[in-house]
Amino acid sequence: MPQQLPVLVRIALASERIRNTVERLQRLLSEEVLWAWTPPPQREAVNRAVYCGKDNYLPGGWVFEIGLFDWERAAFATPPFPSGGRILLGGAGGGRELRELCGMGFDVVAFEPSERLCESARQIVSAYPKSTVVRASFGDLVTAVEQRTGPLAAHVLNTSFDAVLFGLASFNYVFTESDRYALLRTARAIAPRAPLLLSFLPGHQGAETGRLDRLRPLLRRLFELLKAPSSRRPGDRFMLENGFIHYLTLDEIRTVADRSGYRIVYCRQETTPHPHALLMPQ
């Protein structure tokens, strides 16, 4: 018969389980409430504010100073990624990838919605007169092509690109399937023969298999009855350090690539800390 733990130890373990349960419940309720009652434009504003406070994406910050990750260096050095030419870089952050790409001889049109990060990227690109940085979002890219207006129109219309790159995990901030489809369709229209490289945070990180997750459908039905302006879908998360974010599954990547006229050249999830995929127009 196993030895029984001392009373104080059992009390401590029980209190720890209660604390963990309360934390998970609080996180679950926060996510469901925030996604249901925060309209999409406000979510984007929240995320811009969150990333304005991220010093680690600026020069001197630990993410920025890493430079290119090993998987990025390998991807940039391997066909069909071009060895030179012009690149469209979305979600450029503070300019980590931008600095390296310009140093490798690429001409880059980069854009970033966060004002503070965009200013950092502009400072970096000032040494490269053939490259430019625009304060804009993925939505602005779609608007540029569909309506021929907005901050990116002058930079992406009537020109050509040899590759398209979405900055580190930036594709996770395109929340809905329809918006992801519109973005990839737009990228293909701008660069119909160019590879597209994106990285993402995988869906298993947002798994909803715990007992408390059974409350989520009930909350969604309640908020629907209360006429909430939006709703939360599986994979949608909210975290103080990342804001609103959607964890992507491989099926979601495959579906949107196929619908948008891309084929997946490779999708690497297990061999790197940053899952990524290279797409080519079909």
Side-chain angles (χ1 to χ4, degrees), residues 20 23-66 69 71-72 89-98 110-121 135-140 165-177 179-180 183 197-210 212-213 216 230-250 252-253 256 269 272-277:
N20 289 337
E23 287 182 353
R24 289 196 298 270
L25 181 60
Q26 185 274 332
R27 185 167 58 248
L28 181 153
L29 291 173
S30 294
E31 286 179 349
E32 294 294 339
V33 169
L34 289 172
W35 278 91
W37 297 97
T38 308
Q42 290 184 15
R43 293 177 202 155
E44 294 174 5
V46 167
N47 285 351
R48 287 195 298 271
V50 167
Y51 274 85
C52 272
K54 283 185 172 285
D55 292 342
N56 52 330
Y57 286 90
L58 299 172
W62 71 268
V63 174
F64 186 96
E65 296 304 328
I66 286 174
F69 294 98
W71 67 265
E72 289 174 315
L89 169 59
R96 179 184 62 85
E97 301 103 327
L98 177 63
F111 59 94
E112 165 59 43
S114 171
E115 182 176 4
R116 188 179 181 215
L117 297 184
C118 182
E119 183 56 35
S120 170
R135 187 182 174 197
S137 66
F138 284 131
D140 291 321
L165 173 64
F166 295 162
L168 189 66
S170 59
F171 200 49
N172 288 92
Y173 291 92
V174 187
F175 301 130
T176 67
E177 181 180 352
D179 286 342
R180 289 189 289 273
L183 176 59
L197 180 66
L198 60 88
S199 58
F200 59 97
L201 299 177
H204 64 77
Q205 294 187 20
E208 299 174 11
T209 57
L212 291 177
D213 288 303
R216 293 186 185 272
S230 189
S231 63
R232 181 188 168 278
R233 299 175 179 84
D236 292 341
R237 291 292 193 223
F238 180 84
M239 294 173 286
L240 291 177
E241 65 271 23
N242 293 320
F244 292 94
I245 190 169
H246 176 79
Y247 288 104
L248 287 156
T249 66
L250 182 55
E252 286 175 315
I253 299 289
V256 73
Q269 295 188 90
T272 170
H274 304 109
H276 56 281

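In this text the structure is predicted, and so the values were computed from the model without any measurement.
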Identify the residue among V46, V33, I245 that makes a side-chain contact (heavy atoms from CB on, under 4.5 Å) with F238.
V46

Closest heavy-atom contact between L28 and L212?
CD1-O, 3.2 Å

Is there a donor-acceptor pair under 3.5 Å between the side chain of R180 and the backbone N or O of V174?
yes

Does the side-chain contact (heavy atoms from CB on, under 4.5 Å) test come out yes or no for R96 and L168, once each step is laid out?
CA-CA 10 Å; R96 179 184 62 85; L168 189 66; 3.7 Å; yes

Taking all non-hydrogen atoms of both residues into account, name the closest pair between G167 and L89 and its distance.
N-CD1, 4.1 Å

Indicate the ring-plane relationship of H276 and W71, choosing parallel, tilted or perpendicular according to the 30° and 60° boundaries.
parallel

Verdict with reasoning, F244 to V50, per side-chain contact (heavy atoms from CB on, under 4.5 Å)
CA-CA 10 Å; F244 292 94; V50 167; over 6 Å; no

Measure the CZ-CZ distance between R237 and R27 for me, rounded to the nearest 0.5 Å.
7.5 Å

Straight-line distance of Q269 CD to T249 OG1, nearest 0.5 Å:
9.0 Å

So which atom in S170 and which in G90 form the shortest heavy-atom distance, rounded to 0.1 Å?
OG-O, 3.9 Å

Might you work through the side chain to side chain donor-acceptor pair (under 3.5 Å) test for H246 and N172, ending with a clear yes or no?
CA-CA 5 Å; H246 176 79; N172 288 92; over 6 Å; no

Closest non-hydrogen contact found for S114 with C52 is OG-SG, 3.2 Å

Closest non-hydrogen atom pair, N242 against N47
O-OD1, 3.8 Å

Can R233 and E177 be counted as an ion pair, charged N to O under 4.0 angstrom?
no

Determine yes or no for a side-chain-to-main-chain donor-acceptor pair under 3.5 angstrom, with E112 supplying the side chain and G93 the backbone.
yes

Looking only at non-hydrogen atoms, find the nearest pair between S199 and A169 and report the distance.
OG-N, 2.9 Å

May I have all residue pairs that pass side chain to side chain donor-acceptor pair (under 3.5 Å) and include part of residues 52-66, sequence neighbours excluded?
D55-R116

Tell me, which pairs form a salt bridge (charged side-chain N to carboxylate O under 4.0 Å, His left out) where one or both residues lie in residues 36-50, sequence neighbours left out?
none

Whether S230 side chain and P39 backbone form a donor-acceptor pair below 3.5 Å
no

Any residue meeting side-chain hydrogen bond (donor to acceptor under 3.5 Å, both in side chains) with E97, in chain and number order, not counting sequence neighbours
none

Given the rule in the side-chain contact (heavy atoms from CB on, under 4.5 Å) test, do H274 and E72 qualify, once you have shown the distances and angles that lead to the verdict?
CA-CA 9 Å; H274 304 109; E72 289 174 315; over 6 Å; no

Measure from the ring center of F166 to the ring center of F200 and say whether it is less than 6.0 Å.
no

Applying side-chain contact (heavy atoms from CB on, under 4.5 Å), run through F138 and D179 and close with a yes or a no.
CA-CA 9 Å; F138 284 131; D179 286 342; over 6 Å; no

